[in-house]
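Here is the naming used below: chain letters follow the sequence lines, and residue numbers restart at 1 for every chain.
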Amino acid sequence: MMEESTPTDFVRQMVADDIDSGKWDGRVQTRFPPEPNGYLHIGHAKSICLNFGIAEEFGGKYNLRFDDTNPAKEEQEYVDAIKEDIRWLGFDWEDREFYASDYFEQLYDWAVLLINDGKAFVCDLNGDEMREHRGTVTEAGTESPHRSRSVEENLDLFARMKAGEFPDGSKTLRAKVDMASPNMNLRDPVMYRILTATHHRTGDTWCIHPMYDFTHGESDSIERVTHSICTMEFEDHRPLYDWYLDALGIYHPQQIEFARLNLTYTMMSKRKLLELVEEKQVSGWDDPRMPTICGLRRRGYTPESIRAFCHEIGVTKFNSTTDMAVLENALRADLNKRAERRLAVLNPLKVVIENYPEGESEELDAINNPEDASAGSRTIPFSRELYIERDDFMEDAPRKFFRLSVGKEVRLRYAYFITCTEVIKDDDGNVIELRCTYDPATRGGDAPDGRKVKGTLHWVSAAHAVEAEVRLYDHLFENPDPNDVQEGQTYRDNLNANSLKTLTGCQLEPSLSQATPGDRFQFERRGYFCVDTDSTPQTPVFNRTTPLRDAWAKIQKQKQKGK
RNA sequence: UGCCUGGUAGUGUAACGGUAGCACGACUGACUCUGAAUCAGUUAGUCCAAGUUCAAAUCUUGGCCGGGCAACCA
């Protein structure tokens, strides 16, 4: 149990207080209630980590419950994807996988009970009429003309609604609360609507389906949930949550609201994410630029980094936007510790070592992960013709440029010191090849005479290299707030045209030919990369998960600004 | 305009009437066979105004500003 680990946020505080006071007999029971109408995103991860994390920390249980009361929008595909994502995040709900639709029978009985108590009635108003009767935020609504129907008539009508005697939308069951309430949710809310659609679980058994408000608290009650944690937009619904439970006189959990996650350069709106997918702005829900769990997974994020992030950002009730850099920091911190290093040249420039014998090669030792000795080492082949990164060479190099240029000596990582002697250009003046010499005495990367070089470059042996496609990703949106657009524009106008750059002809060290989809590496001096699901042994495809911090790029950027 | 909520460095958060702290970012510097990582340091904050108190980010009152709510969605 909790020893000295003090509560870190107001929700945990509340749970700890309840344990101390014995409010729920020391029990902690939470739930994560997704609607299976879309894919989970990083915002859901925050909720999952909160709900499930609290149960874990306080020795309680957590349920996965699908809030599937709207067959028009929900699909089995989403149920499967949601389960996969939560499992990947590292949570196990054991046998506690529930569906609101499992409670339809009980919910119906409870609705009948409310009718019998005179607390619910069948209403014939259509959508437009109901809207007119609802009033406005400043004016009270007017009661439905059907509000005073007798219990018998209501019972009869509701039974016939269930039996399918009336067309969709022609009648509703409504709670009799208060048409004058300043809280719109309490103005005789709809409990049931007639909606004929095949449900992914109940099929065509039901033509009436309960609304969220009449389902959620009741489901929590059935599952003996102690703390029903949800996002702020349900705060106004809490009075109704409480009203139903009290009217029914059943077990009454506590609803607690927290602020949803916002992240810069992306968005969490399920509706808009769906639009991006449907409009083919991205390749799918798992496009590596998407904030979805499956997108992050394909991008190369680790579940551990996502959980660490969710822990770091805390939980409050005020709306805020977390800097994407915080997520990236959690990612790099994790990957730095576990990703094996490899040498990979993304934009190859050919280098010929003139004093290295033709047709020969040798194996050099390379450390797999300097942060983890147990990762061991590997060998990489070296030969006369190599590739280095194009921007590791400059003809007119500034003083601070520590890399290669004519007459300068640098180290090839784990290999030799080389000095550039000549630049070869094509007819247009483009650099197409460098001629260099190497110092055989520096084998392994150290000079016996103790001389130092300022730069160390990554490289691959041309003859041994594996050719690959590499996809470079950047923010999906230009603006930190995608919805910050001019009049008449939408978030679409904010899409970053350069969010995906595909590089072909990249040259990787040969050990990478063994990599399989999902494998993560650090390409030294470049960033963290993972093998994409599109990858095949013939044409390997790597995604750049995130670049390494780049002090040199920063210096250049500052110089450009200064000019 | 009514109701519900909330305002602490640039950003995200902590401080439970008693020294405003942490993380990310930014900026220095050290170290370096990754211009990475690591280490050290700098920067910068209680929305405003009154009040209560020996003492207020915290309590009171009044402003100001932000978010949510008028689906037979969740």
Side-chain angles (χ1 to χ4, degrees), chain A residues 8-9 13 33-35 37 67-70 72-74 100 123 125-127 130-131 134-141 168-174 181-187 189-195 208-209 211-213 215-216 230-239 257 259 261 264 270-271 312-330 332-333 336-337 341 343 366-367 370-371 400-403 410-415 417 442 444-446 452-458 480 522-527 547-555:
Chain A
T8 51
D9 58 70
Q13 180 98 243
E35 181 189 13
N37 69 341
D67 227 325
D68 55 350
T69 57
N70 186 354
K73 289 188 180 176
E74 296 147 7
C123 182
L125 258 31
N126 64 33
M130 208 178 286
R131 197 168 304 119
R134 190 153 34 229
T136 68
V137 286
T138 50
E139 299 165 78
D168 280 13
S170 61
K171 282 179 170 41
T172 57
L173 181 72
R174 293 225 259 164
S181 172
N183 183 343
M184 302 295 290
N185 296 121
L186 262 24
R187 321 251 258 226
V190 172
M191 294 168 60
Y192 270 92
R193 75 281 216 190
I194 304 175
L195 199 176
I208 55 171
H209 292 92
M211 301 289 290
Y212 165 85
D213 286 302
T215 305
H216 204 90
C230 62
T231 43
M232 297 294 293
E233 67 267 29
F234 294 105
E235 201 157 26
D236 283 340
H237 292 246
R238 178 154 33 91
E257 308 86 12
L261 171 70
T264 54
K270 257 198 215 178
R271 197 198 88 228
E312 279 164 25
I313 56 176
V315 183
T316 65
K317 284 175 84 88
F318 39 88
N319 55 301
S320 58
T321 302
T322 299
D323 198 322
M324 181 66 95
V326 179
L327 212 208
E328 285 170 356
N329 179 264
R332 289 199 187 98
N336 178 48
K337 296 284 181 228
R341 316 284 127 126
L343 302 186
I367 294 164
E371 303 283 333
K400 297 278 267 297
F401 188 76
F402 302 150
R403 309 175 186 183
V410 297
R411 171 171 36 236
L412 293 182
R413 176 140 241 228
Y414 297 126
F417 285 13
T442 58
D446 282 306
K452 301 280 183 196
V453 286
K454 203 69 175 133
T456 299
L457 312 187
H458 59 282
Q522 183 198 99
F523 290 174
E524 294 212 21
R525 305 208 305 134
R526 297 264 66 151
L548 249 26
R549 283 203 185 79
D550 189 345
W552 172 243
K554 211 178 266 182
I555 291 168

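Stacking here means ring centres nearer than 5.5 Å and ring planes tilted less than 30 degrees, and by that measure A/Phe402 stacks onto B/rG35.
A/Thr322 has its side chain within reach of A/Leu261: a pair of non-hydrogen atoms, C-beta onward, lies under 4.5 Å apart. At least one side-chain heavy atom of A/Ile367 sits less than 4.5 Å from a side-chain heavy atom of A/Tyr414. For the pair A/Gln522/A/Glu524, a side-chain contact is recorded, criterion being any heavy-atom separation below 4.5 Å from C-beta on.
Contact of A/Arg526 with B/rU34 (side chain to base): no donor-acceptor pair of N or O atoms is detected under 3.5 Å. A donor and an acceptor atom sit less than 3.5 Å apart, one in the side chain of A/His237 and one in the base of B/rA74. Within 3.5 Å, no donor on the side chain of A/Glu235 pairs with an acceptor on the base of B/rC69, nor the reverse. For a distance-only test at 3.5 Å, the side chain of A/Asp236 qualifies as a donor-acceptor partner of the base of B/rG68. Interface remark: the A/Arg549 side chain does not form any donor-acceptor pair with the B/rG35 base, using a distance-only criterion of under 3.5 Å.
Taking only side-chain atoms of A/Phe318, from C-beta outward, the nucleotide of B/rU8, B/rC16, B/rG35 with the closest atom is B/rU8. Closest to the A/Glu524 side chain, of the nucleotides B/rG35, B/rU34, B/rA74, is B/rU34. Checked against B/rU5, B/rU34, B/rG25, the side chain of A/Arg525 finds its nearest nucleotide in B/rU34. You'll find that the side chain of A/Asn329 is closest to B/rC24, out of B/rU34, B/rC24, B/rA74. In the set B/rA70, B/rG35, B/rG67, B/rG35 carries the atom at the smallest distance from any side-chain atom of A/Trp552. Residue A/Glu35 places its side chain closer to B/rC73 than to any other of B/rG7, B/rC24, B/rC73. Here B/rC69 is the nucleotide among B/rU5, B/rC69, B/rA36 with the atom lying nearest to any side-chain atom of A/Val137. Closest approach to the A/Arg341 side chain among B/rU34, B/rG6, B/rA74 is made by B/rU34 (side chain taken as heavy atoms from C-beta onward). For A/Ala551, counting side-chain heavy atoms from C-beta on, the closest listed nucleotide (B/rG6, B/rA36, B/rU34) is B/rA36. For A/Met211, the side-chain atoms get nearest to B/rC73 when compared with the rest of B/rC69, B/rC73, B/rG66.
Applying the side chain to side chain donor-acceptor pair (under 3.5 Å) test between A/Asn37 and each of A/Arg271, A/Glu74, A/Lys270 identifies A/Lys270 as the sole match.
We find that CZ of A/Arg131 is positioned 10 Å from C1' of B/rC72, with the value rounded to whole Å. Distance CG (A/Asp550) to P (B/rA26): 12 Å, rounded to an integer number of Å. Per the geometry, NZ belonging to A/Lys270 stands 15 Å off P belonging to B/rC73, to the nearest Å. Computed from coordinates, the A/Ile194 CD1 to B/rC72 C1' distance equals 9 Å when rounded to whole Å. Here the P atom of nucleotide B/rG12 and the CG atom of A/Asp9 are 17 Å apart, to the nearest Å. To the nearest angstrom, C1' of B/rA71 lies 14 Å from CG of A/Asn126. Here the P atom of nucleotide B/rA71 and the CE atom of A/Met184 are 7 Å apart, to the nearest Å.
A/Ser181 places a side-chain N or O within 3.5 Å of a backbone atom of A/Asn183 that can act as its donor or acceptor partner. In terms of modelled atom types and a separation under 3.5 Å, the side chain of A/Arg187 and the main chain of A/Arg134 share a donor-acceptor contact. With hydrogens and angles disregarded, no donor-acceptor distance shorter than 3.5 Å links the side chain of A/Arg411 to the backbone of A/Thr442.
Here A/Thr69 lies in heavy-atom contact (under 4.0 Å) with sugar-phosphate atoms only. Using a 4.0 Å heavy-atom cutoff across all strands shown, A/Pro34 reaches no nucleic acid atom at all. Looking at heavy-atom distances under 4.0 Å, A/Gln522 makes contact with a base. Heavy atoms of A/Glu312 sit nowhere under 4.0 angstrom from any nucleic acid atom. Contacts of A/Asn37 with the nucleic acid, taken as non-hydrogen atoms under 4.0 Å apart, are absent. Here A/Gly445 lies in heavy-atom contact (under 4.0 Å) with a base. Contacts of A/Leu125 with the nucleic acid, taken as non-hydrogen atoms under 4.0 Å apart, include base atoms. Within 4.0 Å of A/Ile313, counting heavy atoms only, lie sugar-phosphate atoms of the nucleic acid but no base atom. Backbone-only contact: A/Lys554 has heavy atoms under 4.0 Å from sugar-phosphate atoms and none from a base. Looking at heavy-atom distances under 4.0 Å, A/Thr322 makes contact with sugar-phosphate atoms alone, never a base. Within the nucleic acid shown, A/Tyr414 comes within 4.0 Å of at least one base atom, counting heavy atoms only. No engagement by A/Asn183 is indicated, since no non-hydrogen atom pair under 4.0 Å with the nucleic acid exists. Nucleic acid contact class of A/Thr264 (heavy atoms, under 4.0 Å, all strands): none. Contacts of A/Phe401 with the nucleic acid, taken as non-hydrogen atoms under 4.0 Å apart, include base atoms.
One finds a side-chain N or O of A/Thr316 lying less than 4.0 angstrom from the OP1 or OP2 phosphate oxygen of B/rU13. Close to B/rC72, at under 4.0 Å from its OP1 or OP2, lies no side-chain N or O of A/Arg174. Between A/Arg134 and B/rC72 there is a side-chain N or O to OP1 or OP2 distance below 4.0 Å. Side-chain nitrogen and oxygen atoms of A/Ser320 include at least one within less than 4.0 Å of the OP1 or OP2 phosphate oxygen of B/rU13. One finds no side-chain N or O of A/Arg332 lying less than 4.0 angstrom from the OP1 or OP2 phosphate oxygen of B/rA37. Note on A/Arg193: a side-chain N or O is less than 4.0 Å away from OP1 or OP2 of B/rC73.
Rounded to whole Å, the P atom of B/rA15 lies 15 Å from the corresponding atom of B/rA57. Comparing the C1' positions of B/rC59 and B/rU1 gives a spacing of 31 Å, expressed to the nearest Å. Taking the C1' atoms as reference points, B/rC22 lies 32 Å from B/rC4, given to the whole Å. Nucleotides B/rA26 and B/rA36 have their P atoms positioned 12 Å apart, rounded to a whole Å. Separation of the C1' atoms belonging to B/rG41 and B/rC31 is 15 Å when rounded to the nearest angstrom. Using P as the reference atom, B/rG7 and B/rG12 are 12 Å apart when rounded to the nearest Å. Separating the P atom of B/rA23 from that of B/rC39 is a span of 11 Å, rounded to the nearest Å. Look at the C1' atom in both B/rG17 and B/rU58: the space between them is 7 Å, to the nearest Å.
Stem analysis of RNA chain B (Watson-Crick or G-U pairs, both distances under 3.5 Å, runs of at least three) returns B:2-7 with B:64-69, B:10-13 with B:21-24, B:26-30 with B:38-42, B:47-51 with B:59-63.
Ring geometry for A/Tyr212 versus A/His216: interplanar angle of 30 to 60°, hence tilted.
Look at A/Glu35 and A/Lys73 and you find no salt bridge, because none of the NZ, NE, NH1 or NH2 atoms lies under 4.0 Å from a carboxylate O.
B/rA71 takes the syn form, because its glycosidic angle lies no more than 90° either side of 0.
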